[in-house]
> 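Structure provided below as structure tokens; questions to follow.
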Amino acid sequence: GDSVTQMEGPVTLSEEAFLTINCTYTATGYPSLFWYVQYPGEGLQLLLKATKADDKGSNKGFEATYRKETTSFHLEKGSVQVSDSAVYFCALGGTGANNLFFGTGTRLTVIP
Amino acid sequence: DTAVSQTPKYLVTQMGNDKSIKCEQNLGHDTMYWYKQDSKKFLKIMFSYNNKELIINETVPNRFSPKSPDKAHLNLHINSLELGDSAVYFCASSQEGRARWETQYFGPGTRLLVL
């Protein structure tokens, strides 16, 4: 079945460091891939998405490229800020009903 | 202005009680969802309704019963609450609910603590 495997956390970085959070997926067909972010005490919100192979999603300095050959959708940011501290979820939208499969989430803490 | 709202935000109750959580979206979306987030932040779909019709019903105890009076509202009623029901419950909505590329919009969550 469809599933997402996400890098375990927590991740602690200094401000302006480079961020990578790994995400790989298993799916039948041609899924869409998402990164959602959950700031402390809030609900999830979409960070970026890609709907087909080789698409790159980007938002707020974050990027992720849909790689079919490696079944991956790694999240990257060149220079993190304290305000990026949150939990990041990789998710897969499979075929059929719009049911998102979420990874386990990666907590990022950025220290000044 | 709130797109997806949930009430209450916090719910503390005793084992065995019955409680309800309400969700409303003002985005004009056709599909709404309930997710459960456990203490380790793992998120799992529970139910999904499209235009008041149940389309996803995951393996959830039948103590949980969703109700959608109209497509803008999806409520969750829980009977005979158990300790293991303690979690954060998120409501979400999406435009149509039939395309894998649709963005889902989440509410702020309801933090349920069963004592």
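All of these numbers come straight from a predicted model, not from anything done at the bench. Convention: sequence-line order gives letters A, B, ...; per-chain numbering from 1.
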> Where on B:Lys44 is there a heavy atom nearer than 4.5 Å to chain A: the side chain, the backbone, both, or neither?
neither

> Measure the OG1-CD1 distance between B:Thr7 and B:Ile21 for me, rounded to the nearest 0.5 Å.
9.0 Å

> Relative to chain A, which segment of B:Phe90 carries a heavy atom at a distance below 4.5 Å: side chain, backbone, both, or neither?
side chain

> So which part of B:Gln6 gets closer than 4.5 Å to some heavy atom of chain A, the side chain, the backbone, both or neither?
neither

> Against chain B, label A:Glu42 side chain, backbone, both or neither, depending on which of its atoms sit under 4.5 Å from a heavy atom there.
backbone

> Exactly one of B:Tyr33, B:Tyr35, B:Phe42 should register a ring pair (Phe, Tyr, Trp, His ring centres under 6.0 Å) with A:Phe102. Which one does?
B:Tyr35

> Please classify the contact of A:Phe89 with chain B as side chain, backbone, both or neither, using a heavy-atom distance under 4.5 Å.
side chain

> State, without any angle test, whether B:His77 and B:Ser20 hold a side-chain donor-acceptor pair at a distance under 3.5 Å.
yes

> If the threshold is 4.0 Å, N to carboxylate O, is there a salt bridge linking A:Asp84 and A:Lys60?
no

> Does the distance from a Lys or Arg side-chain N to an Asp or Glu carboxylate O, for A:Glu63 and A:Lys77, drop under 4.0 Å?
no

